[in-house]
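These notes are about the structure you will find just below.
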Amino acid sequence: MIRGIWHKRKSIVFTWLLSYSAVLFVPIVISLVIYSQASHALKSEIHRANDSLLKQMRYTIDNQVDLMKRLDTEITWNDKLQNLMYSNKPAKEAPFTAYQLAKEFRLYKTSYASIDEFYVVWDQGGSILRPGNIRDMRTAFRTIHDTGAMTYDAWSETIGEAGPNRFAVLPHVGAATSKSSIAYVTQLPSDLNGRETGTVVVMADAARFQQAIESVSGFTGGLLLILNKDNEILLSSRPDAPELQPFMEGGQVRLSSPRIGDSELFYIPSAVSDLKYALIFPSALYWEKAEYVRSFTFASILISLIGAGILTWFFTRRNYSPIQALVQSLTDRDETATREDANELRFIQRAILNARSEKDRIALQLQKHQQTLRSNMIHRLLKGKLDTLVPYEEAFRSFRMKQPSNEFAVILFVLENEESLYAKLPGIDLNERSRLIPFIIGNVVEELAMQRQHAGYVAEADDMMVCLVNLAPDVAHVREDLRAIALEAQQFLRRYEMELTIAISGSHSSWTGIAAAYQEAVDAMEYKMVLGKKGIIAYEDIRPDPADSARSGYYYPLQVEQQLINFIKAGDLEQASAYMNEITDRNFGKPVMPLTLARCLIFNMVGTMVKAINELGDGDGGSGSGIWENHPLWMDKIIACDTIQEMREELHSLLADVCEFAAAKRTSGVSMEREGSLRELIAGVMRFIEDRYTDANLNVNAIGEQFDLKGSYLSRLFKNQTGEGLLDCIHKTRIRQAKEMIRTKQESINEISKLVGYNDAATFIRVFKKYEGITPGKYKEVC
């Protein structure tokens, strides 16, 4: 069960529950924040209210204290008091001055009605001066302070204590029920002789302060304190309150700790004295007032959790039902996928991707099959293998091939530089190359045909690219359009270094006319032997004209041949060349000579050259071996030529050597066999590769040009003699030199690739790995 739950953690249900819970978490957090802010605001309001009450109490008490200080100041600076304490008059006059001062104190009593008691301690007279009377110290103590709460000595010590103005709690016989007063005690300065003079004591009944304290305490429910400058308690709303003890440190209140346990302390200083007013109240008081907010918040969170949980489960099940049904439908087809992935969305995504991949694969296969079927249909039409059971109009529509009319023509394309073109496409395998070039030619030709309102369809037949052109209806200049398509295609593809020979058929009607058009194009293409490569040959240009039949034929009589032999034996190159050109021009001019006769003429002229060479001999009864030594492969070169023009060039080249040989009358004493010539040729080729391997343009055709041979023919000779291809020899030479550079030099792989003839480092790495089995970088590490 635990394993099943753990496996379900990847399910979309689990993800949704987490998502909904995360959404639910937001209002809960908001509720808690609101509760926290409300509690903070409520606490702040309570603190502000307490602070206001303390300020109200301070205002009330400070008024009373201010009166006490003012009275104290007036008494202290009273002229009679100054004369009494500091005058140099005879001692017998002091009692009278004291009496006058006591009488004057009555006026102060009247002016300061809220001052319950005040007197002056006269140290020199040992008396107490009160309003209207003078008493000795003990009598005055019994009259004013003897409540049993303080002894005479303690009282004497209190009022006689030296120091600045201070507040003290003194018992008061005439006070209210508390029998105590707050006294403001001022020690008068000593006289000029350094003797103590006296003390001014101003008292206010503690009940006056207690009334202000109790009004605030009754509102807050806390403990109110009046502290002196030493933080000692002068007055308390509840002297024995237990919440006071945590804040006491000896006889002083510790104001540095605003909160201890469940109690909090606030205080403010007096504005007119060094007194302090403190309030201690329990924190429970704050929580009682915040209980409603807290209860409401917790209740709302609980209700939200329950309601959200029910809604979450309901909507999760409701939303999951279609996904579950979809997963079930997909699982029936692919049960293994469910075991591999427990997340439904990823399972559905993978199933959709698999389905799309399968669809794309099937579509690609169908496209390939369709292309193959289309090419096969075009091929059968070109060959004239019509199937009477196949409706070709519907077949064209099924292959998305437009059929503008019932008129057709054929254009053939032969790539003349296929081998050298492939050599310029490194990194692409043979299959890709064989598909790439037809693809390019097909797209270009079909697009050009469409631009002229025709429909062109390209296929391969007999190692040629064939474009079946379905001509647009009512076209007046069919030949011009076909020739324009061929010319534009040839010029455009020449940008990509494609050298094409193009043949064009005439136009034919119906499906059966396609085969006739193809045959015409093939016949025209064969005439490239006479007319040359890389041109455009139209069937109309080489078709025999009955009017010219009288001038057509084969012209090379025996006397003409003998005359040519004579020119050759005489060593007259100019006459021999002019005579040979006259013969070829007469035969290959208009009308065009049939190919069979053209081949016969060329081989007969080759025979003439052989006869001339044999008749020249070597001066010692030989057979002209010097010519054979200089041109050991000349016959093979002539046979390998694809066009009459190439053959004529080879014949003229040989003619020049034969005439030179005849003119110099030189003979060769050494006869070399053809095999020896081949070995020397191969050795020369290998030396040439060793000397030119750094040239990035070194290829089969370049080497063939160096040795006056066609590149493909030289490559075949080289492979027959050495067992390896000429291109392989080039690569191996470069790789051998690169290995030596890697072992002895510090250049980078990119620099070495350029030094050995590779412009592209990627090509160098690929070729190196092909022949050595490892990359150049790995070879450098193991060296």
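Residues take their numbers from the sequence shown, with the count starting at 1.
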Self-check item: Nearest heavy atoms of Pro473 and Pro404, plus distance in Å
Solution: CD-O, 3.8 Å
Practice problem: State whether the number of non-hydrogen atoms from other residues, nucleotides or ligands found under 6.0 Å of Arg361 atom CZ is greater than 12. | Solution: yes
Practice problem: State the CD1-CG distance between Ile378 and Leu468, to the nearest 0.5 angstrom. | Solution: 6.0 Å
Quiz item: Got a donor-acceptor contact below 3.5 angstrom from the Ser653 side chain to the Glu649 backbone?
Solution: no
Quiz item: Counting only heavy atoms not in Asp474, do more than 12 fall under 6.0 Å of its CG?
Solution: no
Self-check item: Residues His731 and Tyr693: side-chain donor-acceptor under 3.5 angstrom
Solution: no
Self-check item: Polar side-chain atom of Glu407 near backbone of Leu471 as donor-acceptor pair, under 3.5 Å
Solution: no
Quiz item: Counting N and O atoms only, with roles assigned by atom type, does the side chain of Ser715 sit under 3.5 Å from a partner on the main chain of Gly711, one being a donor and the other an acceptor?
Solution: no
Quiz item: For the residue pair Ala702 and Asn697, what are the closest heavy atoms and their distance?
Solution: CB-O, 4.0 Å
Quiz item: What's the spacing between Thr501 OG1 and Leu415 CG if we round to 0.5 Å?
Solution: 9.0 Å
Quiz item: Should the ring pair Trp511 and Tyr392 be called parallel, tilted or perpendicular, given that the plane angle runs from 0 to 90° and is split at 30 and 60?
Solution: tilted
Self-check item: ring-ring contact (aromatic ring centres under 6.0 Å, His included) involving Phe768 - partner list, sequence neighbours excluded
Solution: Phe764, Tyr779
Quiz item: Has Arg734 got its NZ or CZ under 6.0 Å from the middle of the six-membered ring of Tyr758, at an angle within 45 degrees of the ring axis?
Solution: yes
Practice problem: Apply the test side-chain contact (heavy atoms from CB on, under 4.5 Å) to residues Leu726 and Ile689: give CA-CA distance (whole Å), side-chain angles for both, the deciding distance (0.1 Å), then the verdict. | Solution: CA-CA 10 Å; Leu726 189 55; Ile689 293 174; 3.8 Å; yes
Quiz item: Would one find more than 12 heavy atoms of other residues, nucleotides or ligands at under 6.0 Å from atom CD of Glu358?
Solution: yes
Quiz item: What pairs of residues pass the salt bridge (Lys or Arg N to Asp or Glu O under 4.0 Å) test when at least one of them lies in residues 694-710, not counting sequence neighbours?
Solution: Asp642-Lys710, Arg692-Asp695
Quiz item: Are the side chain of Thr694 and the backbone N or O of Val756 linked by a donor-acceptor pair below 3.5 Å?
Solution: no
Self-check item: Separation between CG of Asp360 and CG of Leu353, rounded to the nearest 0.5 Å
Solution: 10.5 Å
Exercise. Report the C-alpha distance between Ile735 and Glu772 in whole Å, list the side-chain angles of each, state the deciding distance to 0.1 Å, and finish with yes or no for side-chain contact (heavy atoms from CB on, under 4.5 Å).
Key: CA-CA 9 Å; Ile735 297 303; Glu772 296 299 323; 3.7 Å; yes
Exercise. Write down the atom of Ala472, the atom of Gln453, and the distance for their closest heavy-atom approach.
Key: CB-O, 3.1 Å
Practice problem: Could you tell me whether Arg736 and Glu690 have a side-chain N and a carboxylate O separated by less than 4.0 Å? | Solution: yes
Practice problem: Please check if any side-chain donor atom of Asp481 sits under 3.5 Å from a side-chain acceptor atom of His454, or the reverse. | Solution: yes
Exercise. Would you give the length of the straight line joining atom CD of Glu446 to atom CE of Met401, rounded to the nearest 0.5 angstrom?
Key: 8.5 Å
Quiz item: Is a side-chain N or O of Thr763 found less than 3.5 angstrom from the main chain of Asn759, in a donor-acceptor match?
Solution: no
Exercise. Quick one: pull up CD1 in Ile504 and CG in Leu412 and give me the separation to the nearest 0.5 Å.
Key: 10.0 Å
Quiz item: For the residue pair Leu482 and Ala409, what are the closest heavy atoms and their distance?
Solution: CD1-CB, 3.7 Å
Practice problem: Taking all non-hydrogen atoms of both residues into account, name the closest pair between Asn750 and Ser753 and its distance. | Solution: O-OG, 2.5 Å
Self-check item: Atom pair OG1 (Thr608) and CE (Met580), whose distance is rounded to the nearest 0.5 Å
Solution: 8.0 Å
Exercise. Only counting residues at least two apart or in another chain, list the ones meeting side-chain contact (heavy atoms from CB on, under 4.5 Å) with Lys383.
Key: His379, Lys385, Asp462, Tyr518
Practice problem: Measure across Ala503 and Ala521 and return the closest heavy-atom pair with its distance rounded to 0.1 Å. | Solution: CB-O, 3.3 Å
Practice problem: For Asn417 and Glu499, indicate whether the former's side chain and the latter's backbone hold a donor-acceptor pair under 3.5 Å. | Solution: yes
Exercise. Please say whether more than 12 non-hydrogen atoms of neighbouring residues, nucleotides or ligands are located less than 6.0 Å from OH in Tyr496.
Key: no
